[in-house]
Amino acid sequence: MQHIDIKEIFENEALINNNVTVCGWVRTARDSKNVAFIELNDGTSLKHLQIVIDKSKGLEYEEMLKVGCAIKVEGQLVPSAQNIVEVNADTLTLLGPAPQDYPLQKKRHTLEFLRTMPHLRLRTNTFNAVFRVRSVMAAAIHEFFQKKNFVYVNTPLITGSDCEGAGEMFQVTTNGYTTEYTNEEDYYTNDFFGTKAGLSVSGQLEGETAAMAMGKIYTFGPSFRAENSNTPRHLAEFWHVEPEVAFAELPDIIELAEEMIKFVIGQVLEKCPNEMDFFDKFFEKGLKDRLNKLISEDFGTITYTEAIELLKKADVDFQYKVEWGCDLQTEHERYISETIFGKAVFVTNYPKEIKSFYMKQNDDGKTVAAVDLLVPGVGEIIGGSEREANYDKLVEAMNIRGMNLDLYGDYLDLRKYGSVPHGGFGLGFERLIMYCTGVSNIRDVVLYPRTVGNVR
RNA sequence: UCCUCAAUAGCUCAGUCGGUAGAGCAUUCGGCUGUUAACCGAAGGGUCACAGGUUCGAGUCCUGUUUGAGGAGCCA
């Protein structure tokens with residue numbers, strides 16, 4: 001169907017005073033005696049295109065004033081004082097009518113109401129802006145890593161091993177509920193893979209194997225967590241960015257994370273000015289200032305041990321007592337990133353007891369080379385570490401946790417043959433989108449959010 | 001999973017001390033000299049989330065359930 005994107009209508013000055021054809025959905029219409037106005041949106045632009053209907057031309061137009069219908073318009077593009085340009089319609093075609101029970105109105109709806117119709121909420125300004133920003137961010141992530149010679153790998157979504165400590169796995173099975181087996185082993189050996197399988201909670205372990213061959217890799221794809229967590233920051237299915245770098249130590253990983261966050265946010269500010277104005281106006285006042293500040297200054301850095309000292313000295317009555325060895329609670333993380341630093345901050349070198357088996361044990365014998373990136377508002381958006389490269393130390397850490405070493409033969413081989421210092425991090429893509437847009441519920445930055453009890 | 005709050009017209013909400021269900025927007029109809037969430041007039045629209053209970057009488061009080069939101073835990 002030959003037509004011009006509304007985005008181009010607004011940007012290409014050469015089109016002015018020419019005849020154009022545009023298609024789109026009617027967002028709102030205003031009718032008076034001699035003239036009617038339609039605001040048309042085709043998804044390419046946040047700004048609507050005004051269509052002017054001169055009633056003396058005798059066009060059929062009444063059905064096309066209904067909010068939500070799809071129309072095609074041919075007419076002359078003319079300058080407009082208030083709207084930059086507008087189209088004086090010569091012909092109007094109704095592509096798809098919208099009956100009066102169309103649920104979206106031309107007024108503002110609550111995000112809660114829009115969540116009840118994930119298919120139609122996409123036709124609102126908010127979701128138009130969210131998914132354009134999401135798309136630009138995804139492209140920026142690829143661009144960042146590709147320019148740095150990282151190889152994009154796709155780790156398996158179905159896995160036999162659990163990335164320990166990263167949450168509950170969804171089980172993958174072809175055994176129906178009517179099948180009966182006498183014991184668990186019998187059940188799994190008769191299943192599709194002949195063993196217990198699940199959806200991956202992280203591609204890290206497989207990513208490490210790739211990094212130990214290709215040097216620098218990244219994954220960018222879905223991860224699945226069956227945790228019963230009901231918060232505005234958790235999804236059962238989310239997109240995970242997981243770079244893994246050989247010949248790298250913890251400071252290299254921190255530098256990479258900071259550089260990546262700054263690049264992606266810089267791209268959004270540059271390529272989505274209208275969307276960012278929209279978010280700044282309707283979702284978080286001062287959003288653009290906050291992001292511009294973020295990309296122009298260094299992130300904070302503090303060790304876990306230093307953070308504990310500062311929290312102990314803080315004149316705040318925390319609900320959870322601060323003691324070296326405890327994991328940082330949300331209230332502590334907020335105090336560090338929002339009150340102490342007032343910006344993004346890396347917290348490093350956590351006690352080994354509260355972190356995963358694969359993290360490199362530091363020489364102090366008490367901590368591991370882990371890092372979390374805390375940002376004001378959203379909390380933790382990155383978790384990473386230098387990995388334990390020493391075979392014996394890794395085996396020891398796994399034994400302490402009572403893990404079955406037989407399931408990790410491939411992983412242990414990496415330390416047996418040509419082991420090198422390496423590390424990486426995991427970024428929750430949706431959390432970065434929240435941080436970038438000011439949208440405060442993760443369900444509103446995903447097309448069809450999957451959460452506990454919701455798989456529509 | 002735990003804690004708190006909420007659920008009234010299609011949407012957003014009001015509803016006083018327990019006494020006949022309200023507004024704005026939307027919809028439909030009519031009007032209006034180019035409007036910007038247009039404006040003006042009229043009409044239609046209700047199982048007050050669901051199930052019990054207290055009461056002469058419950059949208060309002062009590063109990064349970066469901067759904068949603070926020071916080072916590074877990075995490076990205």
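Source: prediction; values computed, not measured.
Because its NZ or CZ atom is both nearer than 6.0 Å to the ring centre of A:W324 and within 45° of the ring axis, A:K366 counts as a cation-pi partner of that residue. The side-chain tip of A:R123 does not point at the ring of A:Y102 from less than 6.0 angstrom away and within 45° of straight on.
Using a 4.0 Å heavy-atom criterion, one finds that A:N230 contacts the bases of the nucleic acid, with or without backbone contacts as well. Counting any heavy atom pair closer than 4.0 Å across all strands shown, A:T231 reaches a base atom. Nucleic acid contact for A:I382: sugar-phosphate only, since backbone atoms but no base atoms lie under 4.0 Å from a heavy atom of the residue. A:Y320 comes within 4.0 angstrom of the backbone, heavy atoms only, and of no base.
Remark: the separation of the C1' atoms in B:G10 and B:U28 is 13 Å, to the nearest Å. For the C1' atom pair drawn from B:U8 and B:G59, the interatomic distance equals 7 Å after rounding to whole Å. Nucleotides B:A38 and B:A26, compared at atom C1', are 15 Å apart to the nearest Å. Between B:C17 and B:U12, the distance separating the two C1' atoms is 28 Å to the nearest Å. For B:A37 and B:A69, the C1' atoms lie 26 Å apart once the distance is rounded to whole Å. B:U63 and B:A6 have their P atoms separated by 13 Å, with the value rounded to a whole Å. Taking the P atoms as reference points, B:U20 lies 14 Å from B:U60, given to the whole Å. Spacing of C1' atoms, B:C39 relative to B:U33, comes out at 13 Å, to the nearest Å.
Between A:N441 and B:G70 there is a side-chain N or O to OP1 or OP2 distance below 4.0 Å. For A:R121 and B:C11, the shortest distance from a side-chain N or O to OP1 or OP2 is not below 4.0 Å. Between B:G73 and A:T330, a contact under 4.0 Å exists linking OP1 or OP2 to a side-chain N or O.
Along RNA chain B, the nucleotide nearest A:Q319 and the nucleotide nearest A:G453 are compared for position; the residue whose nucleotide lies closer to the 5' end is A:G453.
Taking the six-membered ring where tryptophan is involved, the planes of A:Y152 and A:H142 are perpendicular, since the angle between them exceeds 60° and thus also 30°.
To the nearest angstrom, P of B:C11 lies 13 Å from CG of A:D101. The separation between A:L374 atom CG and B:C75 atom P is 14 Å, rounded to whole Å. Distance, A:E227 CD to B:G73 P: 14 Å, rounded to whole Å. One interatomic measurement links the two molecules: OH of A:Y350 to C1' of B:C75, which rounds to 12 Å at whole-angstrom precision.
Aromatic ring centres of A:F220 and A:H240: separated by at least 6.0 Å.
Checking B:A42 for Watson-Crick or G-U wobble geometry (two distances, each under 3.5 Å) identifies B:U28 as its partner. The pairing partner recorded for B:C56 is B:G19, the criterion being a Watson-Crick or G-U wobble arrangement whose two distances lie under 3.5 angstrom. Under the Watson-Crick or G-U wobble criterion, with both distances below 3.5 Å, B:U47 is left unpaired in every strand shown. The pairing partner recorded for B:A6 is B:U67, the criterion being a Watson-Crick or G-U wobble arrangement whose two distances lie under 3.5 angstrom. If you check B:U1 for Watson-Crick or wobble pairing at under 3.5 angstrom, you find it paired to B:A72.
The two residues A:L294 and A:K262 have their closest heavy-atom pair at O-CE, 3.6 Å.
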Mind listing the side-chain donor-acceptor pairs of residues 344-354 of chain A below 3.5 Å, one per line with the distance, residues two or more places apart or on another chain?
from   : atom 1 : to     : atom 2 : distance (Å)
A:N349 : OD1    : A:N362 : ND2    : 3.0
A:Y350 : OH     : A:D372 : OD2    : 3.3
A:K352 : NZ     : A:G365 : O      : 3.1

Please tabulate, for side-chain N and O atoms in residues 58-71 of chain A, each donor-acceptor pair with protein atoms closer than 3.5 Å (sequence neighbours left out).
from  : atom 1 : to    : atom 2 : distance (Å)
A:Y61 : OH     : A:K55 : NZ     : 3.1
A:E63 : OE2    : A:K66 : NZ     : 3.1

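Proximity of a side-chain donor or acceptor of A:E259 to a complementary backbone N or O of A:L256 within less than 3.5 Å is not detected.
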Inset, instruction - Walk me through it: do A:Y320 and A:H332 pass the test ring pair (Phe, Tyr, Trp, His ring centres under 6.0 Å)? - result: CA-CA 9 Å; A:Y320 292 85; A:H332 307 142; 7.0 Å; no

Inset, instruction - Produce a footprint string for nucleotides 25-38 of chain B: one letter per nucleotide, 5' end first; B if the base is under 4.0 Å from any protein heavy atom, S if only the sugar-phosphate is, - if neither. - result: SSSS---BSBBBBB

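Donor-acceptor pairing under 3.5 Å, judged by distance alone, is absent between the side chain of A:H109 and the base of B:C11.
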